[in-house]
Number of protein chains: 2
Amino acid sequence: MKKDCSDIGCHNCAMKSVPFSKLTDEQLEYADKNKTVVTYNIGETICKKGAPLTHVLFLWDGIAKVYTDLPNQKHVIMKLLKKCDMYAGPGIFADEKYHYSVTALTPVKLCMIKIEAFYEIARQNSLFTYELLSLSNHAHIRYMFHLTSLTQKNMQGRFSDMLLYLRHHIYDENPFTANTSRQDMADMTAMSKESLIRIMKEFKEEGLIEVNGDTITLLQEEKIKFISEHS
Amino acid sequence: MKKDCSDIGCHNCAMKSVPFSKLTDEQLEYADKNKTVVTYNIGETICKKGAPLTHVLFLWDGIAKVYTDLPNQKHVIMKLLKKCDMYAGPGIFADEKYHYSVTALTPVKLCMIKIEAFYEIARQNSLFTYELLSLSNHAHIRYMFHLTSLTQKNMQGRFSDMLLYLRHHIYDENPFTANTSRQDMADMTAMSKESLIRIMKEFKEEGLIEVNGDTITLLQEEKIKFISEHS
DNA sequence: ATCTTTCGTTAATATATATCAATGAATTAT
DNA sequence: ATAATTCATTGATATATATTAACGAAAGAT
């Protein structure tokens, strides 16, 4: 069965995240009463860093970027969100602010659940909270990998990590068509746009990848993995 | 009352972390039965990255470093642990491995609670899990700050961030005596040891700090904050 | 359809930071 | 006490990466 979600209530939503699969019927009902469905266009801001955290997001469709919206315009993209992803910023259970901005890279359809409802369910159901903690820690492990990539690897290594991330975690297919601009890719790898393009060219010339506009083919994935691990 | 902890059981432990303050007497009793007290010497490894995660740590005394133990010897120190800190690596509730190594920078006394006991309590008590999630997310917010510091700021900015971290989060006093070597400081700021020393000298010559061996005085904290924010 | 703006690309140059090498001071081992 | 390591420091040099500038192509606006 293809995972999809029409607006027929949390009960029947086939996209339920692991924490939500632990809820009782009553709790799902409650979540359902506190949800809203919204559609965003490309480039629209879904969450703004610093604003009060009011909702948890569940992507039904589309790709969005989660990034540190820094005053000096130098963003770091922490991750991309895709279909079926749940997104609760780190401010939840903490200071109740958004610490990242989220912007749509394609048209994005999502449902939002009020944070109060979220808290209420967490208070009632320790299995739910347990799974949230699990998700949170898995995310943490990924961020640590990201941090060591960005601080310890050279540009070739960081670029390789980005390619593998897009191929395996976001698009899950080999020739993939990225929804990220070159600037976005630069923000994912903590380099300047010009450097990113130069490294991309280098990879093309060495036959590691093929690039057609936004469509990228990994021609020698093993070598790319090697570069990721040895830079 | 000075926060301290003698081995009189979790019940009477004055250092109880917020999550543990939410436990019932019975649950505290249970934790107590599953704890061990250990002392480590300087330089000893408390946890090794990659090893199975078996315990959660509670520091009674001393300073330890939490770092990504990378194959190529290029470590990143994520944070320091001090008295009263609880430390459960991100592998808890996830893949049950240590993702960071932890090493004692001073003699360290700590108690360890078995992870199974931890899970059992989490299953029973949603308030406990709730507080764990809160801690986890607060930690995440700090890591994000760290990541943007390391990837977006120049060396002066990163060094300033480290000084402010040591002064406010670790030692909480102004002339402080660091337990970190120059190499450790370099690993905290993602630069080479030589660069760290050069920046340190620069700060001394500009009258921002005074350095006597490992004792550092922030002479112009406002300017250091300014550098942190504008680099 | 034309103008304007943004985006992708390239090359030349500047700069921040790492690496290398050398030395003295401080620890640790013998 | 002496030798042997390790650690802190400095200067000279190399290198990775950013910045600047320029231009064509694509996309949006009038």
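The chains referred to below are lettered A, B, ... by the order of the sequence lines, with proteins before strands, and numbering in each begins at 1.
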Next item on the list: Grab the CD-P distance between B/Gln183 and C/dA26 for me, whole Å please.
Entry: 20 Å
Notebook entry, point to check: Checking side chain to side chain contact (heavy atoms under 4.5 Å, CB included) against A/Lys83, which of A/Asp61, A/Ile63, A/Val108, A/Leu110 comes through?
Noted result: A/Asp61
Margin query: Heavy atoms from C-beta onward define the side chain here; which of C/dA11, D/dT10, C/dT9 lies closest to that of A/Lys193?
Written below: C/dT9
Check: If you check the B/Ile197 side chain, which of D/dA18, C/dA18, D/dT9 turns out closest?
Finding: D/dT9
Margin query: Just to verify, which of B/Gln156, B/Arg158, B/Met162 counts as forming a side chain to side chain contact (heavy atoms under 4.5 Å, CB included) with B/Ile199?
Written below: B/Gln156
Notebook entry, point to check: Rounded to whole angstroms, how far apart are CD1 on B/Ile199 and C1' on C/dA16?
Noted result: 9 Å
Note to self: Whole angstroms only, please: what is the CG-C1' distance between B/Asn212 and C/dA25?
What the structure shows: 15 Å
Check: Which part of the nucleic acid does B/Ala186 contact within heavy-atom distance under 4.0 Å: base, sugar-phosphate only, or nothing?
Finding: nothing
Note to self: Does D/dA16 have its OP1 or OP2 closer than 4.0 Å to a side-chain nitrogen or oxygen of A/Lys153?
What the structure shows: no
Item checked: Whole-Å distance separating the CD atom of A/Gln156 from the C1' atom of D/dT15 -> 12 Å
Checklist line | Earlier contact from the 5' end, DNA chain C, for B/Asn154 and A/Asp214 | finding: A/Asp214
Next item on the list: Return the nearest nucleotide to the side chain of A/Ser192; candidates are D/dA8, D/dT17, D/dT19.
Entry: D/dT19
Check: Are any of B/Arg198's side-chain N or O atoms less than 4.0 Å away from OP1 or OP2 of C/dT17?
Finding: no
Notebook entry, point to check: Which atom pair, heavy atoms only, marks the closest approach of B/Met144 to A/Lys49?
Noted result: CE-NZ, 4.4 Å
Notebook entry, point to check: Whole Å only: how far is the CE atom of B/Met191 from the P atom of D/dT9?
Noted result: 14 Å
Next item on the list: Check the distance between D/dA27's P and A/Ile42's CD1 and give it to me in whole angstrom.
Entry: 12 Å
Check: Please walk me through it: do B/Glu221 and B/Arg167 pass salt bridge (Lys or Arg N to Asp or Glu O under 4.0 Å)?
Finding: CA-CA 10 Å; B/Glu221 203 173 324; B/Arg167 189 237 172 284; 3.1 Å; yes
Margin query: What is the distance, to the nearest angstrom, from the CZ atom on B/Arg182 to the P atom on D/dT10?
Written below: 10 Å
Check: Do side-chain atoms of A/Asn137 reach the backbone of A/Ser134 as a donor and acceptor pair under 3.5 angstrom?
Finding: no
Next item on the list: Rounded to the nearest angstrom, tell me the gap between atom CD in B/Glu194 and atom P in D/dT6.
Entry: 17 Å
